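Structure first, commentary second.
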Amino acid sequence: MNTKLTKTLIGAAAMVVMTGSASLAEDWRGWNIHADGYPNTVAMDKFAELVTEKTGGEINLQMFHGGTLGSQPDAVEQVRAGALEVGNFNLGPIGPIVAEANVVSLPFIFKDVPHMFRVLDSEGGAAIAAGMAAKGLTPLAWYDAGARSFYNGTKPINTPADVQGMKVRVMNNDLFTGMIAELGGNPSPMAFAEVYQALKTGVVDGAENNWPSYESTGHFEVAGYYSLSQHLIIPECVCVNTDKFNALSPELQAAVREAAQESAELQRQLWAEREAASRAAVEAAGVVVNEVADKAPFQAAMAPVYEAYFATNPDLRPLVETIQATE
Ligand code: GTR
């Protein structure tokens, strides 16, 4: 064989190897609703970095922050359909799709955040994860989202009577509209990105969220009373499209899962710091914070919400009881 031909053949072979290996690498896109510097944003960027590192560049995840790829309910559908691969989702808007995952959105189901994580690390968590995976959303790790409390622009909330007649924004989920209705308020489901304007213009009187979201969105500027009802403690997931994940080799699956879990360790640490920092920042800005001395009337008012939930999901009563019995 003449040298020229040999060179050409080697060149062609090299091209095949190169294009072959290039087409093996997968490009993933990830959704996140939060702004720069938010614990979840930092942790999801870390996840993306670790995915590339641990898969040896076979998967490259590009994160899109600040909800630029749409609202949370839309993004959940996009990840389920495989139009996006990854999302950092609050389980609130997933509940209407995955019955098992909805247990975490029952008001006052968890005693505190450590209780929530103990449940997620037990058989209850396995049931929730299996239910989500079956609906196209495989959770790889759980993030902390603290406890959600009420805030509004007119007065401290101490009793359910204080919620009477108040228009309160909630995330999309019948459990949350039921929760506000049982307290005598008017629930208003709305996308996260619209809440600031709605509070400012009086379309709603109040909303509910954790310290970091209350602070990072500027809601505290237009709703200066924060009442520590802590009625919802809902985890968040690093979720991946089930089919895409299942199509990976076991080695790549392990690498991606490990990356998510390491990002969750970072997120939980950053979360603890940001909760304290956000609270301090809004208090310094003049927000009036009140403890809710007696949460029992709020809890008692939730009985019909639980009953309605059991009426449509009778088979999930044991899961709720397992959670309530988990120490
Ligand atoms: C935040 C949560 C977001 C979103 C938002 C909301 O705390 O991290 O994923 O669910 O609340 O209220 O819509």
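Bear in mind that the values here come from a model prediction, so they are computed numbers and not experimental data. All ligand and atom numbering here is 1-based and tracks the order in the structure. Atom set for the values below is all heavy atoms of this structure, side chains included, hydrogens, waters and symmetry mates excluded.
In Asn209, the part holding a heavy atom less than 4.0 Å from any atom of ligand 1 is the side chain. If you look at Arg169 next to ligand 1, the close heavy atoms, those under 4.0 Å, all belong to the side chain.
Close N/O approach between Tyr38 and ligand 1 is not found [any backbone or side-chain N/O within under 3.5 Å]. The shortest N or O to N or O distance between Asn40 and ligand 1 is not below 3.5 Å. Considering backbone and side-chain atoms together, Glu208 places no N or O closer than 3.5 Å to any N or O of ligand 1.
At least one side-chain heavy atom of Phe64 sits less than 4.5 Å from a side-chain heavy atom of Arg29.
Using modelled atom types, one side-chain atom of Arg148 and one backbone atom of Glu208 make a donor-acceptor pair closer than 3.5 Å. Not a single donor-acceptor pair under 3.5 Å links the side chain of Asn60 to the backbone N or O of Asp27.
For the atom pair OG of Ser122 and CD1 of Ile323, the computed distance is 8.0 Å after rounding to the nearest 0.5 Å.
Ion pairing between a basic and an acidic side chain is recognised when a charged N comes within 4.0 Å of a carboxylate O; Arg317 and Glu307 show such pairing. The pair Arg279-Glu283 counts as a salt bridge, with a side-chain nitrogen and a carboxylate oxygen less than 4.0 angstrom apart. Salt bridge present: Lys54 and Glu258 bring a charged side-chain N and a carboxylate O closer than 4.0 Å.
Atoms of ligand 1 lying under 4.0 Å from at least one heavy atom of Met171, given by number and element, are 6 (C), 10 (O), 12 (O), 13 (O). The ligand atoms of ligand 1 that sit less than 4.0 angstrom from a heavy atom of Glu236 are 2 (C), 8 (O), 9 (O).
Looking only at heavy atoms of the protein, atom 10 (O) of ligand 1 is closest to Gln72 NE2, 3.0 Å. When hydrogens are left out, the protein atom nearest atom 1 (C) of ligand 1 is Ser213 OG, 3.4 Å; that is the closest non-hydrogen contact.
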